[in-house]
**Q** 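First, the structure itself, so that you have it in front of you.
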Amino acid sequence: MEEQRKKLKKTMNFFLATLILIFAGLGIRLIFLQVFRAEVYQTKSQQNQMRLLEIEARRGEILDRKNQVLATSKPVFTISLAHLDKPQEQEQSIRKLAELLNRPDLTADVIGEMVKSHPQKYEPVEIVKIPWGRESVELISRIEENRSQLPGVSILEQPQRYYPNGSLAGHLLGFIGKINEQELSRYGKDMYGLNDKIGKFGLEKAFELIYKDGKEVGLRGRKGAEQVEVNARGQVVQEMPLVIQPVPGNTIKLTIDGKLQKTLEKSMDDVISQLKTAYPKAGAGAAVVINVKTGEILALASKPDMNPNDFVDGTYAKKLDYYNNKNLLPMYNRAVQAAYPPGSTFKMITGMAGLASGKVKVTDSVVCSGAYWKPPYIKCWGVHGTVNFYHAFAVSCNTFFQYAGDKATIQYIDQVAKEFGLGSKTKTSGILGESAGVLPSPERKAELNEKWVKEQYEDNLQTLEAKYKVLLAKADEKEQDKLLQQKKDDLKVIKDEYRTNYDFYVKWRPYETYNTSIGQGDNNYTMLQMANYIATLANGGKRYRPYLLEEVIAPDGRVIEKFGPKLEHKVSLDPQILKEVRRGMLAVTQPGGTAWSLFNNFPADIQVAAKTGTAQTGRKGDDKNSEFHGVFVAFAPYDDPEIAYAGIIEYGRHGGTSAGLVAKAVFEEYFGITPKSQDIKTRVLQSPLLEE
């Protein structure tokens, strides 16, 4: 018994010692935390209670030259959801939020995936933006009423990009969107966060960041922040005094004339709409209007439309079929990204080259019997009889300009075209994805084709050697002699084929000069290049760099930067040569000219000089005898030019009855001319003689 008591006492002492050690350890740990680490954990506690919420900065506005707002911001409610430590609360909040939103595109599963896939766990995930209005106020009220069931949900009033004129100048303005990982990496995480919006297209992207003297003066503003107190469920319980106010972005003022832009787009829509009734392929086009004296772009349009609002208000998802249509390509800015054959609107280049070469004179006469007299006898659109320099422009005689190009040579044609900026990017600030176009030349042809022609020849030689190596190895002496002769014959065929291919694909052929002279062949230019070429011709040879940006204005109204004309090149041709060609363009709009009926309601002091064009599309599958683009270029007034125009309507067939009608409407708006009563449908669908 005594022995059992001793054993029990020993056991009790062991447990007591263990308890003392445990409580001593806890006590030491408590003292360590409360005394030695008190400051650290107090800071952590405060950080858990306090949170900095970003205040989004208002993006700078985009204005036209007359201060009409083209892009601005309007208030919206941004609903976000924070990452919660407790999965049950997270799930509850997701399901309740989906129930209140009641949107098929924001189900609980969708919201859950948004939260799960968000890489920054400490940042709230933006779920949706709700535009300001009665419905949004009602939704916000319902969310507030159910606060207890929505841990981690926060609502902020923020600015959202808005384009008050819808699709007007949409391709030019572009749009903004949520930044992606690639953009975040490129611009730097110190400048942007994962929830930030950034310019994705057009001027919104080009002018996102502009720097002057090392300072950022673009559309992007600088975010602010406010400190709030949150509870353990991530809900704001109190706003704190610490607030860093956001800095709005700078306003961009453009050279664009909003009223002229509207006229340009509406007239393009009207013409295309009528054309489609007879020519279903018609549905696209592009046009540019430039100030002749400065290079300012006054209007620039591409069809079909692109509405920037669709990319910021959620409408894009409902229009996927439209925006992904490979035939329409509504995201494609045809005015600067697409290069088109100019057709007869190139003939001014040929005319200047002919005069500059000294081998063509304005008094020269050529007999047009319906085709040029040299092989391959490229046709003219009519039989014009005897034509001189000016009359050739008026009736767009292919025969005369093939003659002029033949006399001038391709070298002179290329030299003149380059001086007018054709075949090169304009490098206009704000224009993204600009095409350089194609200016045909012997050098370019050789550069494109010589390598593959030689490679094909060498491949054929290697194949021949390999073939006969096997055959000769198997043959006896008699058969070998026969095979060697056969090899010699085959080698001659390969060499003849190489010479033929080299002559055709590498060497410049006379017919290519004839084609180039009338704006066909490989000629391809953007409407921006074409408008600038006409502006340069109109002003006497001063090629300005086209520009869009007029001013950068600070939020307080100060003009930070002002932009103006920049002379890129002074054409080296004799001014008299340009004068003679301008006179030829005037003949186009006078009685007997291919565009006479277009401008016969204009007053005598506002004469229009123009050139019509009907260009083979060059597209695979198109009928080169019946499917044409309608191209038109013009400037006015003739005596003291102010504006220049270049436009194209795809499958418009005739320049005068498609893109020419657009030019007429634009000039009427610019000069304040009352439009002549006319039936646009009749004008569009009439069938004048075809000028190629």
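Side-chain atoms are counted along with the backbone in the values below, which use heavy atoms only and exclude waters and symmetry mates.
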**Q** Tell me, please, which residues at least two apart from Y651 pass ring pair (Phe, Tyr, Trp, His ring centres under 6.0 Å).
**A** H629
**Q** Just wondering, are more than 12 heavy atoms of other shown residues or ligands nearer than 6.0 Å to CZ in R186?
**A** yes
**Q** Could you check whether atom NZ of K259 has more than 12 heavy atoms from other residues, nucleotides or ligands sitting under 6.0 Å from it?
**A** no
**Q** Determine the interplanar angle of the F667 and F671 rings, folded into 0 to 90°, and report it as parallel if under 30°, tilted if 30 to 60°, perpendicular if over 60°.
**A** perpendicular
**Q** Are there over 12 heavy-atom neighbours, none belonging to K276, within less than 6.0 Å of that residue's NZ?
**A** yes
**Q** Do E434 and T426 have side-chain N/O donor and acceptor atoms under 3.5 Å apart?
**A** yes
**Q** With a cut-off of under 6.0 Å to the ring centre and 45° to the axis, is R220 in cation-pi contact with Y192?
**A**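 Positive - R220 is close enough to the ring of Y192 and near enough to its axis.
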**Q** Heavy-atom count around K178 NZ within 6.0 Å, excluding the residue itself: above 12?
**A**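 Result for NZ/K178: enclosed.
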**Q** For E627, is there an ion pair with R619 - N to carboxylate O distance below 4.0 angstrom?
**A** no
**Q** Got more than 12 heavy atoms from elsewhere within 6.0 Å of CD, E447?
**A**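 For E447, atom CD is not crowded (no more than 12 foreign heavy atoms under 6.0 Å).
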**Q** If you compare all heavy atoms of I127 against all heavy atoms of L106, which two are closest, and at what distance to 0.1 Å?
**A**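 Closest heavy-atom pair between I127 and L106: O-CD2, 4.1 Å.
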**Q** Can you check whether V217's main-chain N or O pairs, donor with acceptor, with N250's side chain at less than 3.5 Å?
**A**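 Flag set: sc N250 to bb V217 pair under 3.5 Å.
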**Q** Between E208 and R59, does any NZ, NE, NH1 or NH2 come within less than 4.0 Å of an OD or OE carboxylate oxygen?
**A** yes
**Q** Using a strict 4.0 Å threshold on nitrogen-to-oxygen distance, state whether K223 and D196 make a salt bridge.
**A** yes
**Q** So, are K266 and D270 salt-bridged, with charged N and O less than 4.0 Å apart?
**A** yes
**Q** Looking at Y316 versus F175, is the centre-to-centre ring distance below 6.0 Å?
**A** no
**Q** Any side-chain donor-acceptor pair under 3.5 Å between Y163 and N165?
**A**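 Distance-only check fails for Y163 and N165.
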**Q** Residues in salt bridge (charged side-chain N to carboxylate O under 4.0 Å, His left out) with D269, at least two apart?
**A**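 Partners of D269 under the salt bridge (charged side-chain N to carboxylate O under 4.0 Å, His left out) test: K303.
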**Q** Any salt bridge between D640 and K293, counting N to O under 4.0 Å?
**A**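 So D640 pairs with K293 through a salt bridge.
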**Q** CG of D105: more than 12 outside heavy atoms within 6.0 angstrom?
**A** yes
**Q** Would you find a donor on one side and an acceptor on the other, under 3.5 Å apart, between the side chain of Y332 and the backbone of Q337?
**A**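 It does hold such a pair.
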**Q** Between the side chains of R334 and E650, is the shortest nitrogen-to-carboxylate-oxygen separation below 4.0 Å, so that they form an ion pair?
**A**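 Here E650 pairs with R334 in a salt bridge, since their nearest N and O are under 4.0 Å apart.
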**Q** Any side-chain to backbone donor/acceptor pair from S80 onto S154? Under 3.5 Å, distance only.
**A**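 Not at all, since once roles are kept as given, no pair shorter than 3.5 Å links the two residues.
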**Q** Thinking salt bridges, do K262 and E669 make one under a 4.0 Å N-O criterion?
**A** no
**Q** Which heavy atom in L439 sits nearest to a heavy atom in L422, and how many Å separate them?
**A**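 For L439 versus L422, the nearest heavy atoms are CD2-O, 3.9 Å.
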**Q** How about T72 and E61: does a side-chain donor come under 3.5 Å of a side-chain acceptor?
**A**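 On atom types as modelled, these side chains qualify, holding a pair under 3.5 Å.
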**Q** Please give me the minimum heavy-atom distance between L548 and S429, naming the atom from each residue.
**A**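 That would be CD1-O, 4.0 Å.
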**Q** What residue pairs, at least two apart or across chains, pass side chain to side chain donor-acceptor pair (under 3.5 Å) with a residue in residues 528-548?
**A**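 The answer is R545-E568.
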**Q** Roughly how far, to the nearest 0.5 Å, is the CZ atom of F628 from the CG atom of D622?
**A** 10.0 Å
**Q** Which heavy atom of N524 sits nearest to which heavy atom of P342, and what is that distance?
**A** N-CD, 4.4 Å
**Q** Give a yes or no answer on whether the side chain of N523 reaches the backbone of Q520 with a donor-acceptor pair at less than 3.5 Å.
**A** yes
